[in-house]
2 protein chains.
Amino acid sequence: MCTFFGGDAAHPLGLAIAMATQRRRNGKGIGKGIGKANPAEDEAVYQAILHALLEGKLKAGVKLAEPPLADIFGVSRERIRKVLHRLGAERRLEMIPNRGARVPRPTLDDVRSVYEAHRVLEAGVLTQLVRLVDEALIEKLTAHLAEERAAATRGDRAASVRLSGAFHVHLVEALGNAELTRFLADLLSRSSVMVSVYEPATDSICAVDEHGAIVEALRARDVARAIAVSREHFLHVESRLHLDDDPAPASEDLTSVFGAMKPKRRKR
Amino acid sequence: MCTFFGGDAAHPLGLAIAMATQRRRNGKGIGKGIGKANPAEDEAVYQAILHALLEGKLKAGVKLAEPPLADIFGVSRERIRKVLHRLGAERRLEMIPNRGARVPRPTLDDVRSVYEAHRVLEAGVLTQLVRLVDEALIEKLTAHLAEERAAATRGDRAASVRLSGAFHVHLVEALGNAELTRFLADLLSRSSVMVSVYEPATDSICAVDEHGAIVEALRARDVARAIAVSREHFLHVESRLHLDDDPAPASEDLTSVFGAMKPKRRKR
DNA sequence: TGATTTAAAAATGTGCACATTTGGCATGGC
DNA sequence: GCCATGCCAAATGTGCACATTTTTAAATCA
């Protein structure tokens with residue numbers, strides 16, 4: 001059932017390969033010449049790893065060593081190092097001193113914690129939203145519901161998952177508060193990593209009706225009902241969480257994960 | 001009125017100076033000798049700068065250049081650099097490419113956004129809390145109220161400010177959700193920086209009664225009332241926000257801010 | 001054979017030497 | 001007198017050469 005996934009738009013992978021190819025080859029000989037200023041390069045590597053993480057291509061527990069990544073992306077090791085530490089600061093990677101970076105292996109409690117946080121947050125959001133709700137918002141949400149339903153009947157599971165998460169994003173964004181929006185995005189990105197372990201997205205769509213009930217309560221400006229429905233919705237999702245029995249050895253081969261990008265040179 | 005300030009306990013400044021003094025002096029001559037592994041050193045510098053930020057010693061807009069900081073703390077520039085970038089990733093410092101780090105200068109809207117986020121979050125927290133509230137929690141909160149009142153009558157403004165923030169921390173912590181607790185801590189730390197610009201803490205205590213009303217509503221398990229009171233409380237605070245007319249040139253002298261710590265050697 | 005020790009290889013962490021960029025200041029032109 | 005331009009000092013960014021630590025493998029011993 002509904003695994004919430006943040007709605008990222010552009011896929012900067014193409015950008016990554018473009019920048020990787022255009023790297024200069026400097027004679028490594030005597031020439032001490034160095035400092036190259038390319039801020040886009042950092043960003044491209046960052047986005048590539050982040051996307052691999054969000055798309056679940058990087059399985060939980062996988063080690064992200066610096067040398068192979070530097071080789072794959074065709075950049076210096078410190079470049080990789082900086083990105084890895086940044087992802088660690090954002091709590092998207094687990095950094096252990098002297099032992100490198102790993103994709104976090106969340107416990108079941110961690111997952112529950114994230115879902116509960118989302119549930120509590122949305123209760124607050126709805127409380128505030130009933131004060132601001134207008135026809136335009138209702139229409140927007142209704143249109144979104146139609147999209148969800150369409151994807152569901154069409155059997156497009158990927159779209160269903162995406163739209164299901166987007167619904168909740170629409171709710172917070174309606175408040176127009178950057179802090180709250182960021183917080184939700186944080187929760188969603190974290191939950192997306194968990195999918196690979198506790199895949200709650202086994203059976204198909206079930207959320208559309210519940211989402212519709214929330215919109216209905218909003219239209220009626222019935223705070224209590226909106227919160228109650230939202231709560232039930234989340235508890236419903238949480239109850240479906242289960243440990244994936246077959247941990248799936250998790251392909252340790254980073255090259256296959258980032259294989260799409262063409263580095264200066266591969267392994268040799 | 002009540003400026004919320006996260007309840008930090010230990011003051012790792014002593015630690016910082018201790019580590020600064022015990023730094024080795026290596027002959028800077030030919031000896032290429034290098035790599036020293038001291039994880040506590042990073043942490044000490046990080047905590048020192050963070051605390052200066054949270055305590056408002058670093059005024060908004062101040063430039064945090066690497067060389068002087070490296071000199072003050074007696075560590076290498078890259079050490080400082082790493083810490084600065086980390087603080088930037090946490091959005092506590094404003095990082096501009098090729099132009100270094102500055103203490104952020106939040107707009108009035110930024111401040112309002114933070115307070116609004118706290119307000120919305122607390123609405124959600126209270127919604128969940130009325131389901132879990134028990135005698136133990138009520139007693140704990142009541143005891144806290146007594147502390148607040150004591151500090152107020154005693155005229156201890158610093159304690160009042162600290163306890164006022166701690167009250168809201170107690171509320172989220174009661175849920176036992178790490179994500180939510182972290183989010184609140186984030187909001188509080190951000191608002192503390194804003195105090196230096198829009199000091200909302202001009203007049204003394206006013207929150208104790210409002211805090212008491214929240215506890216009262218919790219005891220009665222009256223969600224609507226709890227949220228309403230909380231909301232009023234926050235709006236009350238927000239309404240007192242005002243732009244500080246006299247921006248106070250902001251002592252650009254970093255040495256005076258971090259003067260407490262004894263480096264290997266000062267300016268010379 | 002299995003567990004322990006030891007040595008080699010790989011990976012992480014850090015200071016340093018640069019290159020690049022920015023900011024300030026003086027000089028010169030209008 | 002004021003703005004534009006060029007130059008110089010300072011600050012930021014980055015690759016590299018190490019040291020340190022961890023991990024892997026081999027070798028030794030019980």
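Lettering follows sequence order; numbering is per chain, from 1. Remember, predicted model here, so these are calculated numbers, not experimental data. Only heavy atoms go into these numbers, but all of them, side chains included; no hydrogens, no water, no symmetry mates.
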I'd like a table of atom pairs between the protein and nucleotides 7-10 of chain D - only N or O on both sides, under 3.5 Å - with the distance next to each one.
none

What is the separation between atom CG on A:Leu69 and atom C1' on C:dA11, rounded to the nearest whole Å?
12 Å

Nearest whole angstrom, please: distance from the P of C:dA11 to the CD1 of A:Ile80.
14 Å

Is the closest basic N to carboxylate O distance between A:Arg190 and A:Asp186 below 4.0 Å?
yes

Inspect the contact between A:Glu179 and B:Arg112 and indicate whether a charged nitrogen and a carboxylate oxygen are less than 4.0 angstrom apart.
no

What is the distance, to the nearest angstrom, from the CZ atom on B:Arg77 to the C1' atom on C:dA19?
12 Å

Considering just the side-chain nitrogens and oxygens of B:Arg79, establish if one lies under 4.0 Å of OP1 or OP2 belonging to C:dG15.
yes

What is the separation between atom CD1 on A:Ile96 and atom C1' on D:dT23, rounded to the nearest whole Å?
14 Å

Please identify each residue that fulfils salt bridge (charged side-chain N to carboxylate O under 4.0 Å, His left out) with A:Arg99, with sequence neighbours left out.
none

Look at the side-chain N and O atoms of B:Lys63 and state whether any lies under 4.0 Å from the OP1 or OP2 oxygen of D:dA11.
no

Rounding to a whole Å, what distance do you find between B:Asp71:CG and D:dA11:C1'?
14 Å

According to side chain to side chain donor-acceptor pair (under 3.5 Å), who are the partners of B:Arg92, at least two apart in sequence or on a separate chain?
B:Glu90, B:Ser189

Aromatic ring pairing B:His168/B:His118, orientation class (parallel under 30°, perpendicular over 60°, tilted between)
perpendicular

Between A:Arg105 and A:Glu94 (salt bridge meaning N to carboxylate O under 4.0 Å), is one present in this structure?
no

Side-chain N,O (A:Arg81) to OP1/OP2 (C:dT12) below 4.0 Å
no

Need to verify one output field. Residue with the more 5' nearest nucleotide on DNA chain D, A:Glu78 or B:Gly100?
B:Gly100

Whether B:Glu43 and B:Arg86 form a salt bridge (side-chain N of Lys/Arg under 4.0 Å from carboxylate O of Asp/Glu) is what I want to check.
yes

For B:Asp110, the side chain to side chain donor-acceptor pair (under 3.5 Å) test, sequence neighbours excluded, returns B:Thr107

For B:Glu238, the salt bridge (charged side-chain N to carboxylate O under 4.0 Å, His left out) test, sequence neighbours excluded, returns B:Arg119

Quick check on D:dG13: is either OP1 or OP2 less than 4.0 Å from any side-chain nitrogen or oxygen of B:His85?
yes

From CG of A:Asp42 across to C1' of D:dG13 the rounded distance in Å is 10 Å

Counting the atoms with a prime plus P, OP1 and OP2 as sugar-phosphate, which does B:Glu66 contact under 4.0 Å by heavy atoms, base, sugar-phosphate, or nothing?
sugar-phosphate

Side-chain N or O of A:Ser76 versus OP1/OP2 of D:dG15: is the shortest distance under 4.0 Å?
yes

Which of the following nucleotides, D:dT12, D:dT14, D:dC16, is nearest to the side chain of B:Pro67?
D:dT12

Nucleotide N/O to protein N/O under 3.5 Å, stretch nucleotides 22-24 of chain C:
{"unit_1": "C:dG23", "atom_1": "OP1", "unit_2": "B:Arg99", "atom_2": "NE", "d": "2.7"}
{"unit_1": "C:dG23", "atom_1": "OP1", "unit_2": "B:Arg99", "atom_2": "NH2", "d": "3.0"}

